[in-house]
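Reviewing the structure listed below.
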Amino acid sequence: MTLTRRDFLARGSRLGLGVLGGSLLGAPAIVMAEARRPQVVSGAMSGDMLRDRAMLWGQADRPARMWLEVADNPEFRGARTLPSLDVLPDTDLIGKVDATGLGGRDTLHYRLRFAALGDERAVSEPVTGRLRLPPRQPRDVRFVWSGDVVGQGWGIDESRGGMRIFETMRRQQPDFFIHSGDSVYADGPLEETVDLGGGELWRNRVTPAKRKVAETLAEYRGQHAYNRLDVNYRRFTAEVPMLAQWDDHATLNNWYPGEILDDPRYTETNVSLLAARARRAFLEYAPIRLAPDAPQRIYRRFAYGPGLEVFMLDMRSYRGPNSDNRQDTASDDTAFLGESQFAWLRRALKQSTATWKVIAADMPIGLNVPDGDSFDAVANGDDGRPLGRELELARLFKAIRDDDIRNVVWLTADVHYTAAHHYAPERAAFRQFAPFWEFVSGPLNAGTYGPNTLDGTFGPEVVFSKAPPDGQANLPPSAGYQFFGQVDLDGESEALTVTLKDMDGTALYRKMLEPQRAPA
């Protein structure tokens with residue numbers, strides 16, 4: 001860290017060092033000491049919380065030793081020091097610690113420092129964070145969800161307060177945040193300015209990694225590091241634990257395994273190789289707990305008290321190729337979740353004792369999401385019987401009904417507007433399922449689009465929607481069409497209330513769902 005003359009004088013005064021003739025006595029020693037001290041960059045972050053453990057995350061500016069303390073109070077009285085961890089360039093100087101033995105606490109406070117390797121007296125300034133752990137007994141729970149960050153050319157404009165929607169979400173004091181995918185747009189370079197018309201400019205903060213499409217591991221890492229430059233984002237992740245999932249733009253638009261790319265912006269055309277690099281960067285920069293038997297698996301589940309369990313899906317890694325999506329019979333080409341994830345989800349839903357089962361999907365079910373002449377999501381624009389990827393979802397919906405899994409709610413983002421959809425068999429071409437709700441919300445700091453058309457196969461109805469006016473698309477965040485969803489579980493009645501909100505926190509639509517009880 002380079003110290004200015006004013007820094008020298010201020011530090012010398014605090015340390016009781018003398019100043020003579022405008023120079024700081026002892027300044028060379030201070031500079032040397034400061035130069036040895038690592039710094040915490042990117043703030044602090046937590047996630048993947050369970051009743052007695054949570055993932056804690058930090059990043060240094062150089063190879064260093066990571067120290068973490070945890071306590072049940074913000075003053076860190078009686079703090080416990082966790083085992084140290086060396087952070088090195090092979091993880092982009094990121095340290096992730098699975099803090100265990102946290103049972104019995106409601107709120108966990110953690111303090112992060114980095115020490116110089118070889119000189120543990122040279123220690124960074126601390127950065128603190130906190131999170132609320134899942135309860136053992138019923139209580140009120142609140143969480144938020146959304147996705148789609150820094151897309152379509154809209155980056156961090158500090159003259160407009162940066163990514164303000166993260167501060168709005170923080171002020172709702174949620175217990176946790178579901179990041180529904182597209183945490184970065186690795187295929188969307190930024191320009192320094194974007195003309196908004198009328199002499200008004202959007203001024204992007206731009207880093208080298210954001211000047212081109214990402215191809216190398218370092219470039220994918222730089223995509224994630226960019227978001228953490230925003231003060232709103234850092235403040236939010238220090239206070240709200242994250243459950244993260246990924247979607248296409250973490251690699252590139254509408255990708256699927258085995259794709260060979262035809263895009264002049266890329267020198268690497270093997271999309272599976274690009275996705276492997278993107279996945280590694282995503283897993284490094286997200287507070288995800290990796291399973292020892294499946295260290296690259298992103299789908300997982302989290303119980304949050306007796307009333308709620310969240311099932312995080314991965315709709316990108318196991319799919320077949322994008323196509324017209326109208327195959328008559330199931331095959332590898334019609335896969336969307338894939339057989340292993342399908343079996344895991346059905347088993348996990350049957351095992352769950354939670355009242356509400358929230359399925360966090362990185363893509364919507366009934367909205368048509370085109371990819372040229374092909375389709376990128378489940379729907380295929382045909383209102384008739386299930387075809388293509390709809391075959392797999394039809395099996396899942398029927399299994400949920402046959403297994404008598406009640407109180408299932410789907411949450412998603414992806415399409416860059418907000419909506420509430422109700423699915424019912426009496427409106428559907430395929431009728432072997434129980435009615436359910438799907439709520440859509442986003443983007444967080446990206447261009448706004450929509451609304452998309454609906455496919456009638458599973459009988460969806462648009463109960464609410466807010467999107468740009470007809471004929472307008474890729475509206476900037478300053479236009480106000482940025483959205484997140486908020487879910488409130490009442491600890492006593494177990495009613496679940498879903499509220500769709502805009503970037504100022506204004507409630508646009510609210511739906512209270514009463515739990516369905518199994519017969520006595």
Side-chain angles (χ1 to χ4, degrees), residues 44-58 66 68-73 79-83 85 94-112 129-145 173-180 236-246 282-314 341 344-345 347-360 409 411 487 489 491 494 496:
M45 183 164 50
S46 67
D48 281 19
M49 57 287 170
L50 300 173
R51 283 181 179 174
D52 62 348
R53 65 197 306 176
M55 294 298 298
L56 305 179
W57 183 100
M66 179 177 177
L68 276 164
E69 299 170 278
V70 295
D72 60 4
N73 63 90
R80 174 164 65 96
T81 301
L82 302 180
L85 174 69
I94 289 170
K96 292 166 60 174
V97 172
D98 191 356
T100 60
L102 306 178
R105 293 177 172 89
D106 175 69
T107 300
L108 180 76
H109 297 264
Y110 60 97
R111 183 160 56 192
L112 165 68
R130 62 179 172 84
L131 69 147
R132 204 169 186 193
L133 293 166
R136 293 186 177 274
Q137 302 299 323
R139 68 162 169 83
D140 294 351
V141 174
R142 169 175 292 177
F143 70 90
V144 293
W145 92 91
Q173 298 184 313
D175 291 298
F176 61 91
F177 168 55
I178 297 176
H179 201 314
S180 303
F236 177 77
T237 61
E239 295 186 19
V240 183
M242 181 188 299
L243 302 179
Q245 58 193 146
W246 79 336
F282 169 79
L283 293 175
E284 289 171 342
Y285 274 84
I288 287 179
R289 179 180 296 104
L290 302 180
D293 59 339
Q296 296 193 90
R297 193 178 75 195
I298 294 171
Y299 64 85
R300 56 214 195 279
R301 59 190 285 199
F302 297 95
Y304 203 89
L308 178 69
E309 187 159 6
V310 179
F311 303 84
M312 308 286 293
L313 301 186
D314 177 359
Q341 186 175 192
W344 165 84
L345 179 58
R347 182 172 61 252
L349 288 169
K350 290 177 69 173
Q351 292 171 347
S352 178
T353 60
T355 303
W356 290 97
K357 290 85 173 173
V358 172
I359 298 180
V409 176
L411 304 180
V487 180
L489 173 66
E494 292 196 304
L496 194 78

Please check this pair: side chain of [X] against backbone of [Y], looking for a donor-acceptor N/O pair closer than 3.5 Å.
X    : Y    : result
K357 : A348 : no
W356 : E494 : yes
E309 : R301 : no
S46  : T237 : no
K96  : R289 : no
Q245 : I298 : no

- Salt bridge between D175 and R139, side-chain N to carboxylate O under 4.0 Å?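 Salt bridge present between D175 and R139.
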- Message: Between D72 and R105, does any side-chain N to carboxylate O distance fall below 4.0 Å?
- Response: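 No, no charged N to carboxylate O under 4.0 Å.
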- Qualifying residue, where the test is side chain to side chain contact (heavy atoms under 4.5 Å, CB included) with F176 and the options are L131, V144, V310: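 So the option named by the test is V310.
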- Message: Taking the six-membered ring for Trp, are F177 and F236 closer than 6.0 Å centroid to centroid?
- Response: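 For F177 and F236, the ring centres are under 6.0 Å apart.
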- Message: Does Q137, at its CD atom, have more than 12 non-hydrogen atoms belonging to other residues, nucleotides or ligands within less than 6.0 Å?
- Response: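 No.
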Closest contact, heavy atoms only, [X] versus [Y]:
X    : Y    : answer
P135 : P306 : O-CD, 4.0 Å
D140 : G491 : OD1-N, 2.7 Å
P295 : L283 : O-CD1, 4.0 Å
I178 : A360 : CG2-CB, 3.9 Å
A238 : Y110 : O-OH, 3.9 Å
L102 : A54  : CD1-N, 3.9 Å

- Item | Residues in ring-ring contact (aromatic ring centres under 6.0 Å, His included) contact with W344, at least two apart in sequence or another chain |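 Here the qualifying residues are Y299.
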Between [atom1] on residue [X] and [atom2] on residue [Y], distance to nearest 0.5 Å:
X    : Y    : atom1 : atom2 : result
L411 : L313 : CG    : CG    : 10.5 Å
M66  : W57  : CE    : CH2   : 9.0 Å
R111 : L82  : CZ    : CG    : 12.0 Å
L68  : L85  : CG    : CG    : 8.5 Å
D98  : M55  : CG    : CE    : 5.0 Å
Y304 : L50  : OH    : CG    : 11.0 Å

So [Y] and [X], do their side chains get closer than 4.5 Å, heavy atoms only?
X    : Y    : answer
L243 : D48  : yes
D314 : R297 : no
W246 : I288 : no
L112 : L56  : no
L308 : V487 : no

- Message: My understanding is that only one of R130, R132, R51 makes a salt bridge (Lys or Arg N to Asp or Glu O under 4.0 Å) with D106; could you say which?
- Response: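 Of the listed residues R130, R132, R51, the salt bridge (Lys or Arg N to Asp or Glu O under 4.0 Å) partner of D106 is R132.
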